[in-house]
Amino acid sequence: MTDAPKKGWFSRLTEGLSRSSKQMTEQVVSAFVKEPLSEQALEGLEEHLLESDLGPAAADRIVERFRALRFGANPSELEVKTALAEAVADELKGHQATYDPLAGPRPFVTLFVGVNGSGKTTTLGKIAADLTARGAKVMIVAGDTFRAAAREQLKVWAERAGAHFESRRDGADAAGLAFDAFTKAKAEGFDVVLIDTAGRLQNKSALMDELLKIVRVLKKVDPDAPHETLLVLDATVGRNALEQEKIFGRTAYVSGIVMTKLDGTARGGVLVPVAQASDAPIKLIGVGESIGDLQPFDARAFSRSLMG
Ligand code: GDP
């Protein structure tokens, strides 16, 4: 996952952003080209940033930055677009980090948390496939013991990736499963353990208790485990992602964020306020449903495609 972004993903992300969002960027840019400092151009910019879900604080800062920019009398389209992408990228400074389980202790344990439907299983599967392709011995643990469908889906990913799969019957204790699986992984020389967890927010406190219990039992095997806790958030839910970050970030010891479904949404800007609100950096982004569609987060490339 530390590899440079694969060729093609940038264009996929750009293509995925809705046409209306792109049209709006064009309008904003051409307003600046025509009249760089008009209030109308600045208002259009603010509206665009808010509609992309960047949030009022970042939108205000970017508008003020544009006000102070002092473009020449006739800035080119490229000049304005570049300034816009740079302004967004600067908002993300210090909020980016890499995820590389093969650089850490063995077995390296990653816990995946997030609400159902956010893309946890898919993200875990993509990571497993990437790691096995790089020669790692990978164990996948179906820690969402409530949803049989989730377990089946994860099993398919495990088979596809050539990863070992550990699961238990419906309703079994997820922490017990995590403890046994990690103990086994340690004894059998696994490089990486990827643990899926439940994501039913209907009963927040029960869910958080369960996540904390998993963390506690993992620490009995290795005090430093889990070595990574990735919070998976769906970009298409827009500002609801902020609420989810608050819920999980407060209790689940999140160490990195994965923002999924950035293909096909005009609301990808929500990544900015999420990154700023969280103590954890953005590590990976999902730009599609297939194996190759998970990429290391690169703030500059993201900003360029968001403001394409
Ligand atoms: P979970 O309930 O959190 O485990 O979520 P899943 O992994 O089952 O994902 C829910 C749906 O989102 C599935 O249909 C996935 O194929 C889809 N999905 C996950 N990540 C992405 C992504 O980056 N882009 C797109 N377009 N779909 C995704």
Side-chain angles (χ1 to χ4, degrees), residues 1-33 44-55 58-59 61-63 65-66 75-99 118-119 122-123 126 232-239 241 256-276 281-308:
M1 294 295 141
T2 49
D3 300 350
K6 284 172 202 141
K7 209 168 171 245
W9 79 268
F10 174 66
S11 58
R12 191 157 53 237
L13 179 55
T14 310
E15 279 161 21
L17 291 168
S18 83
R19 187 172 297 160
S20 66
S21 165
K22 271 191 243 167
Q23 268 172 359
M24 189 130 181
T25 302
E26 295 302 331
Q27 277 170 17
V28 167
V29 170
S30 72
F32 275 98
V33 169
L45 171 63
E46 177 157 34
E47 195 184 328
H48 181 31
L49 296 169
L50 291 175
E51 285 196 1
S52 308
D53 273 342
L54 262 93
R61 274 192 300 273
I62 293 173
V63 167
R65 177 173 163 147
F66 261 65
S76 70
E77 236 174 65
L78 181 66
E79 203 181 328
V80 178
K81 263 192 184 171
T82 306
L84 191 49
E86 269 174 18
V88 174
D90 282 352
E91 289 288 323
L92 289 165
K93 249 192 197 145
H95 298 291
Q96 168 183 334
T98 52
Y99 168 68
S118 60
T122 309
T123 300
K126 290 170 179 172
V232 181
L233 297 172
D234 171 351
T236 63
V237 304
R239 294 183 66 80
I257 291 172
V258 184
M259 187 65 82
T260 63
K261 309 187 199 178
L262 279 168
D263 53 308
T265 177
R267 317 181 83 181
V270 74
L271 186 144
V272 173
V274 164
Q276 291 173 345
I282 311 284
K283 296 203 167 174
L284 299 163
I285 56 169
V287 293
E289 297 180 85
S290 347
I291 284 180
D293 293 336
L294 185 74
Q295 304 294 340
F297 177 58
D298 175 336
R300 297 216 155 266
F302 168 80
S303 304
R304 274 203 307 276
S305 61
L306 186 72
M307 292 295 140

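Only heavy atoms go into these numbers, but all of them, side chains included; no hydrogens, no water, no symmetry mates.
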Results of side chain to side chain donor-acceptor pair (under 3.5 Å) for Glu51 - residues two or more places apart only: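 By the side chain to side chain donor-acceptor pair (under 3.5 Å) rule, Glu51 matches no residue at all.
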Residues in side chain to side chain donor-acceptor pair (under 3.5 Å) contact with Ser303, at least two apart in sequence or another chain: none
Suppose we screen for side-chain contact (heavy atoms from CB on, under 4.5 Å). Which residues come up paired with [X], at least two apart in sequence or across chains?
X: Ala31; answer: Ala41
X: Asp53; answer: Arg239, Arg267, Val270
X: Val33; answer: Val29, Glu77, Val80

Interatomic spacing from [atom1] in [X] to [atom2] in [Y] - rounded to 0.5 Å:
X: Asp234; Y: Thr265; atom1: CG; atom2: OG1; answer: 8.0 Å
X: Gln27; Y: His48; atom1: CD; atom2: NE2; answer: 9.0 Å
X: Lys81; Y: Ser76; atom1: NZ; atom2: OG; answer: 10.5 Å
X: Leu84; Y: Phe32; atom1: CG; atom2: CZ; answer: 8.0 Å
X: Leu49; Y: Glu46; atom1: CG; atom2: CD; answer: 7.5 Å
X: Ile282; Y: Asp298; atom1: CD1; atom2: CG; answer: 12.5 Å

Candidate pair Thr122 and Thr260, rule side-chain contact (heavy atoms from CB on, under 4.5 Å), full reasoning: CA-CA 9 Å; Thr122 309; Thr260 63; over 6 Å; no
Over all heavy atoms of both residues, which pair between [X] and [Y] is shortest? Give the atoms and the distance, please.
X: Phe66; Y: Ala87; value: CE1-CB, 4.4 Å
X: Gln96; Y: Ala299; value: OE1-N, 3.0 Å
X: Pro273; Y: Gly55; value: CG-N, 4.5 Å
X: Gln276; Y: Ala58; value: OE1-CB, 4.4 Å
X: Ala59; Y: Leu50; value: CB-CD2, 3.9 Å

Residue pairs passing the salt bridge (charged side-chain N to carboxylate O under 4.0 Å, His left out) test where at least one lies in residues 86-98, sequence neighbours excluded: Arg61-Glu91, Arg65-Asp90, Asp90-Lys93, Asp90-Arg300
Close side-chain approach of Thr98 and Pro296, heavy atoms under 4.5 Å: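 No - every pair of side-chain heavy atoms lies 4.5 Å or more apart.
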Option passing side chain to side chain contact (heavy atoms under 4.5 Å, CB included) with Leu271 (candidates Leu92, Leu54, Leu306): Leu92
What donor-acceptor contacts under 3.5 angstrom involve side-chain atoms of residues 283-292, with partners at least two apart or in another chain?
unit_1, atom_1, unit_2, atom_2, d
Lys283, NZ, Glu228, OE1, 3.2
Lys283, NZ, Glu228, OE2, 2.9
Ser290, OG, Asp293, OD2, 3.2

